[in-house]
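Below: the structure, in structure tokens.
Note that the coordinates shown come from a computational prediction; the quantities given were computed from them, not determined experimentally. Each ligand, and each atom within it, is numbered from 1 in the order the structure gives.
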Amino acid sequence: MKIQNFKHFQPRLVLLIYMVLIFQLVLTSCAPDDKEKIFVIKFPHVTAPATPKGQGAERLRQLVDERLGGRVKVEIYPSSQLMNDDDSLEALAFGEVQMIAVSLSKFDRLSPRFQVFDLPFLFTDLQEVEEFQASETGLMLLRTIENKGFLGLGFWHNGMKQFGAPIPLNNPADAAGLKFRIMVSDVLQAQILAMDAVPQKMAFSEVYQALQSGAIDGQENTWSNIWSQKFFEVQPYITQSNHGYLGYLLAVNTEFWRTLPDDIRTELEAIVAEVTAEVNARAEAINLEHRDLVLATGKSVLVELSEKDLEDWRAMMRPVWDQFADEIGDDVMQATAAGKVH
Ligand code: LMR
């Protein structure tokens, strides 16, 4: 009986196995392979669309649409609307977002070597920064946190930073006792302490409110950020100090990048190179334009420094270099124009 049943059952089992195999085959052939899959790149950032970073992100989205439309989609979330910088560093590491352009200051927690970008008066202008970034050492920095999940694709400029305050800051001694918002960076903290002032680390999106309520007295930022965040409404004086550099590491999640199909990755690399060159060529002009717009409002007064006052600012902040030189490394210091003689 049993044997009879088994005999009877066997063809049905074979048929069932065939059916499962055919079903799997159909499923596999219907599943989107890399040719059909749309790769989504979520790119959150904190500045306004009009800033160098905002314009760069939008240009990147456009070029990807033009050249890789249907295969890659870039979603831009400007003005901290999705998350702040601290959260986006974490989100990139976990693969929740795929691309970021966070200020170099905030990468100090991943490698102390990035602190070089925050040293006050180390770089005179964007040209000097650019030469350093294009050097062998600069390119080494770009890849230095690759094994931590952050693959640097390029350096994007914003511009040189200016101090905003409730009083004119001519000499650094004028800043004594004032509380300044800074990015989350130990070098910037040391810089404010060197001025005998009080540093307050704070997210970018909270600065306007903090200035307005008097929770802080002043802040440091570029003209494009002062303009687009409307800081000029709540800080009566802006000292044109050009004391530090603000720029970004355009980074992707290493794993995400490596698993992209080769042809897509190659095209994206070409787009990134093109956009990086555009952003960096336009950044200074955007900042100058925004400076004019700020001053035209008449709400903030421009404080220009005499050569003598500038010398005092440099001298007061110079010890910060020595404080961080060991952590940054001699090779990196020596690769900057001014650091050669430190
Ligand atoms: C800041 O926090 O002041 C800057 O990092 C904002 C930015 O991204 O330019």
Q | Derivation of the salt bridge (Lys or Arg N to Asp or Glu O under 4.0 Å) call for R258 and E146 | A | CA-CA 11 Å; R258 285 203 184 122; E146 192 173 337; 3.0 Å; yes
Q: Mind running salt bridge (Lys or Arg N to Asp or Glu O under 4.0 Å) on D186 and K201 for me, showing each step along the way?
A: CA-CA 9 Å; D186 289 346; K201 292 178 179 174; 2.7 Å; yes
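Which parts of ligand 1 touch S103 is read off a 4.0 Å heavy-atom cut-off, strictly below it: atoms 5 (O). Taking every non-hydrogen atom of L246 and a distance limit under 4.0 Å, the qualifying atoms of ligand 1 come out as 9 (O). Listed by atom number, the atoms of ligand 1 under 4.0 Å from V46 heavy atoms are 6 (C), 7 (C), 8 (O). Listed by number with element, the atoms of ligand 1 under 4.0 Å from a non-hydrogen atom of R181 are 1 (C), 2 (O), 3 (O). Listed by number with element, the atoms of ligand 1 under 4.0 Å from a non-hydrogen atom of K106 are 1 (C), 2 (O), 4 (C), 5 (O). Residue-ligand proximity, N225 to ligand 1, at heavy-atom distances under 4.0 Å covers atoms 6 (C), 7 (C), 9 (O). Close approach of ligand 1 to K53 is summarised as follows: ligand atoms under 4.0 Å from at least one heavy atom of the residue are 7 (C), 8 (O).
Residue N221 touches ligand 1 through its side chain alone, judged by heavy-atom distances below 4.0 Å.
Between the side chains of N171 and D312, at least one donor N or O lies within less than 3.5 Å of an accepting N or O.
Of the residues R181, Q200, Q162, Q235, the one that meets the side-chain hydrogen bond (donor to acceptor under 3.5 Å, both in side chains) test with Q219 is Q235.
Given atom 9 (O) of ligand 1, the protein heavy atom at minimum distance is Y248 OH, 2.5 Å. Considering only non-hydrogen protein atoms, atom 4 (C) of ligand 1 sits nearest to M183 SD, 3.7 Å.
Contact detail for F324 and A190: the closest heavy-atom pair is CE1-CB, 3.6 Å. For P120 against V320, the heavy-atom pair with the smallest separation is CD-CG1, 4.0 Å.
The shortest N or O to N or O distance between T47 and ligand 1 is not below 3.5 Å.
Classified by interplanar angle (parallel below 30°, tilted 30° to 60°, perpendicular above 60°), the ring pair F39/F256 is perpendicular.
For R113 (side chain) and I328 (main-chain N/O), a donor-acceptor pair under 3.5 Å exists by modelled atom type.
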